[in-house]
Student: 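Just passing along the structure, written as structure tokens.
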Amino acid sequence: MNRAWLIGFAVITACSDDITPIDVAGPPASLTAGSGTSFSGGTGQLVTTPLTVVVTDADNNPAPAVPVSWHVARGTLLTQDTTDNDGRARAAWTLPATPGVDTVFAVVQGIGTVTFSATVSPISGDVVFRYLDAGSYHACGITTTEQLLCWGYGADGQLGINSTSPSLFPQLIPGSQRFRLVSGGQYHACGVTLAGVGYCWGNNHDGRLGGDGDGLEPTLVTTSATFQSIQAGRLHSCGVDLAQHIWCWGYDGDGETGVPGFAPGSVTTPGGVLGDPLARAVVTGGQHSCAVAINGAVLCWGYNATGQLGDGTAGASRANPFPVGITVRTDPAVIFPSPDPDFPLPPGPFLAAGYDHTCGITVGGTSVCWGLNQDGQVGDGTTTQRNAPATVAGNHAFAGITAGFRHTCALDTVGAAWCWGANTFGQLGDGTNTPSAAPVAVTGGLTFAYLKAGDLSTCGVTSTGTAYCWGDNEYGQLGTGTTTASSSPVKVAFQP
């Protein structure tokens, strides 16, 4: 059998009517994704699913040997640069060493582009939370390794990540500090390290950071005090030191810092409150502050246009702490234990200050609220303003309470969450957008250890360290990687 015969045979058989012709791919006509296009992972991690694209001709046949050009924004790629016999090309994607969003583009010249994206977690592995706080339009949480993460609105640096960009998912605050407490205001936030050192970050107008700095990263609060807690109000901040003295700083147009010797305006460095009342805890609202005295008595000061100081009047502001006339619980909080026994978490949360209202849980177990009530945030079943404490409807036994802009939430003794007040964005978490002047149950059957209400959203940490948020999500304050609002709890990104 010679070579000429073989060639002739091939020609003859190719023309035979008894042989089925083999499909040969035409020119490449389409480019599609052959795997998922949205991923998440930790910094420096390899995405477990290879990125895959498929090239086909006009008859949808695989097109082999087609050049594919791959491009990555921040991470690294190991690529297959031409399609195989199945019309597929693949790439292995290692995520970048810094958190954020990373993007990969697969391009076939003249055909199109497939885009892959990933949200990059600030720490490798799953995030487990110990503590959490919701600011106006952002939130921050502390992990079980005392790392601090923030997400949501960031135009004033309130995320502490050296950026003014928003983040749709948790971002790790740079630096070596390890935190045990964090509190979010409107345009700033504050935290306390394991050693009791106070830091604030964000907008420093009126001195609300308590120190110098551009506010894009944690700024040391200028004081010798060792803090057990700091609370960030809307435009001011207050803290309690280990000797139980109260310190306040920031905007003081209505006496909300309680610091003597200052004309209405601002207090740029921490000062002691008038009368130096010793306190177990302090809370900060829109333009007022309240404290839990050593014996559990509640004292309030600052703006009082809607009765938020609880003394039975409305209108005149005052800078001096004044007794409300109730005594709240002072036993340990229903939250995770402090990571450092020398610096326990503050007692409570049995007192909470919202924007224009205040709430507490009395020593007898009764939940009360006072102040503005136009959306039912006082929870007494009405929308009547209350200038003195009014009992929350439903006879619930609550173990913790938190107040937002126009809504309030609380935990009962088994960890179930209840909310009341405004609900335009689903911040009550009951699966609806209907306001309620009395407590309604948060959906999902979750058992929470801690809750915190923001302006239009609410967040909580479960007894197993998982963070959930619900409500408005315009700036990513729910931490899910999207801007989709939710009227029921949704899990914050990067958790088990």
Side-chain angles (χ1 to χ4, degrees), residues 133 180-183 185 188-193 196-200 206-211 220-262 264 266-304 308-311 317-330 333 343-353 358-360 403:
D133 193 277
R180 57 186 177 83
L181 284 175
V182 65
S183 177
H188 77 294
C190 296
V192 179
T193 70
V197 179
Y199 285 88
C200 294
D206 299 311
R208 68 196 71 166
L209 302 188
L220 185 68
V221 176
T222 307
T223 176
S224 60
T226 300
F227 289 102
Q228 60 168 290
S229 67
I230 294 179
Q231 288 288 306
R234 200 152 184 100
L235 304 174
H236 72 294
S237 311
C238 292
V240 176
D241 66 20
L242 290 186
Q244 298 182 310
H245 299 286
I246 305 171
W247 301 79
C248 291
W249 57 95
Y251 181 72
D252 194 42
D254 294 281
E256 51 264 62
T257 71
V259 176
F262 287 88
S266 61
V267 177
T268 56
T269 57
V273 171
L274 278 161
D276 192 24
L278 298 182
R280 295 176 178 269
V282 65
V283 295
T284 50
Q287 292 169 259
H288 74 292
S289 306
C290 296
V292 181
I294 297 299
N295 63 357
V298 175
L299 310 171
C300 292
W301 61 96
Y303 193 58
N304 195 36
Q308 55 265 60
L309 301 189
D311 65 349
S317 302
R318 60 167 180 267
N320 59 304
F322 193 86
V324 173
I326 63 168
T327 301
V328 297
R329 293 172 57 183
T330 58
F343 296 93
L345 294 175
F350 304 127
L351 184 68
T358 314
C359 296

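All residue numbers refer to positions in the sequence shown, counting from 1.
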Student: Apply side chain to side chain contact (heavy atoms under 4.5 Å, CB included) to Phe227 and Leu242, showing your working.
Tutor: CA-CA 6 Å; Phe227 289 102; Leu242 290 186; over 6 Å; no
Student: Between Leu274 and Pro260, what is the shortest heavy-atom contact and its length?
Tutor: CD2-CB, 3.2 Å
Student: Which pair of non-hydrogen atoms, one from Val273 and one from Pro277, has the smallest distance, and what is that distance?
Tutor: O-CD, 4.1 Å
Student: Checking Ile230 against Ser183 for the side chain to side chain contact (heavy atoms under 4.5 Å, CB included) test, could you report, in this order, the C-alpha distance in whole Å, the side-chain angles of both residues, the deciding distance, and whether it holds?
Tutor: CA-CA 7 Å; Ile230 294 179; Ser183 177; 5.8 Å; no
Student: Between OG1 of Thr223 and CH2 of Trp247, what distance do you get to the nearest 0.5 Å?
Tutor: 4.0 Å
Student: The criterion is side-chain contact (heavy atoms from CB on, under 4.5 Å); which residues satisfy it with Ser317, sequence neighbours excluded?
Tutor: Asp254, Tyr303
Student: Once you round to the nearest 0.5 Å, how far does CH2 of Trp301 lie from CD1 of Ile246?
Tutor: 4.0 Å
Student: Please check if the side chain of Thr358 supplies one atom and the backbone of Gln308 the other of a donor-acceptor pair under 3.5 Å.
Tutor: yes
Student: Evaluate Leu278 against His245 for side chain to side chain contact (heavy atoms under 4.5 Å, CB included), listing each step before the verdict.
Tutor: CA-CA 5 Å; Leu278 298 182; His245 299 286; 3.4 Å; yes
Student: Which salt bridge (charged side-chain N to carboxylate O under 4.0 Å, His left out) pairs, counting each pair once, include a residue from residues 225-246, with sequence neighbours left out?
Tutor: Arg234-Asp455
Student: With rounding to the nearest 0.5 angstrom, report the NE2 to CG distance, His288 to Asn304.
Tutor: 9.0 Å
Student: Sorted by first residue and then second, give each salt bridge (charged side-chain N to carboxylate O under 4.0 Å, His left out) pair with at least one member in residues 284-296; sequence neighbours left out.
Tutor: none
Student: Measure the CG-CG distance between Asp252 and Leu235 for me, rounded to the nearest 0.5 Å.
Tutor: 11.5 Å
Student: Tell me, please, which residues at least two apart from Thr284 pass side-chain contact (heavy atoms from CB on, under 4.5 Å).
Tutor: Gln231, His236, Cys238, Ser289
Student: Do the non-hydrogen side-chain atoms of Cys290 and Val324 ever get within less than 4.5 Å of each other?
Tutor: no
Student: Measure the CG-OG distance between Leu209 and Ser237 for me, rounded to the nearest 0.5 Å.
Tutor: 7.0 Å
Student: Checking side chain to side chain contact (heavy atoms under 4.5 Å, CB included) for the pair Val240/Arg280: CA distance, chi angles, key distance, verdict?
Tutor: CA-CA 7 Å; Val240 176; Arg280 295 176 178 269; over 6 Å; no
Student: Rounded to the nearest 0.5 Å, what separation is found between the CG atom of Leu351 and the CG atom of Leu299?
Tutor: 9.5 Å
Student: Please identify each residue that fulfils side-chain hydrogen bond (donor to acceptor under 3.5 Å, both in side chains) with Glu256, with sequence neighbours left out.
Tutor: none
Student: Which atoms form the tightest heavy-atom contact between Gly210 and Pro270, and what is the distance?
Tutor: O-CD, 3.8 Å
Student: Please enumerate all residues that pass salt bridge (charged side-chain N to carboxylate O under 4.0 Å, His left out) together with Asp311, with sequence neighbours excluded.
Tutor: Arg318
Student: Could you tell me whether the side chain of Arg208 and the main chain of Ala232 form a donor-acceptor pair under 3.5 Å?
Tutor: no
Student: Any side-chain heavy-atom pair from Asn295 and Thr327 closer than 4.5 angstrom?
Tutor: no
Student: Check whether any side-chain heavy atom of Cys190 sits under 4.5 Å from a side-chain heavy atom of Val221, and report yes or no.
Tutor: no
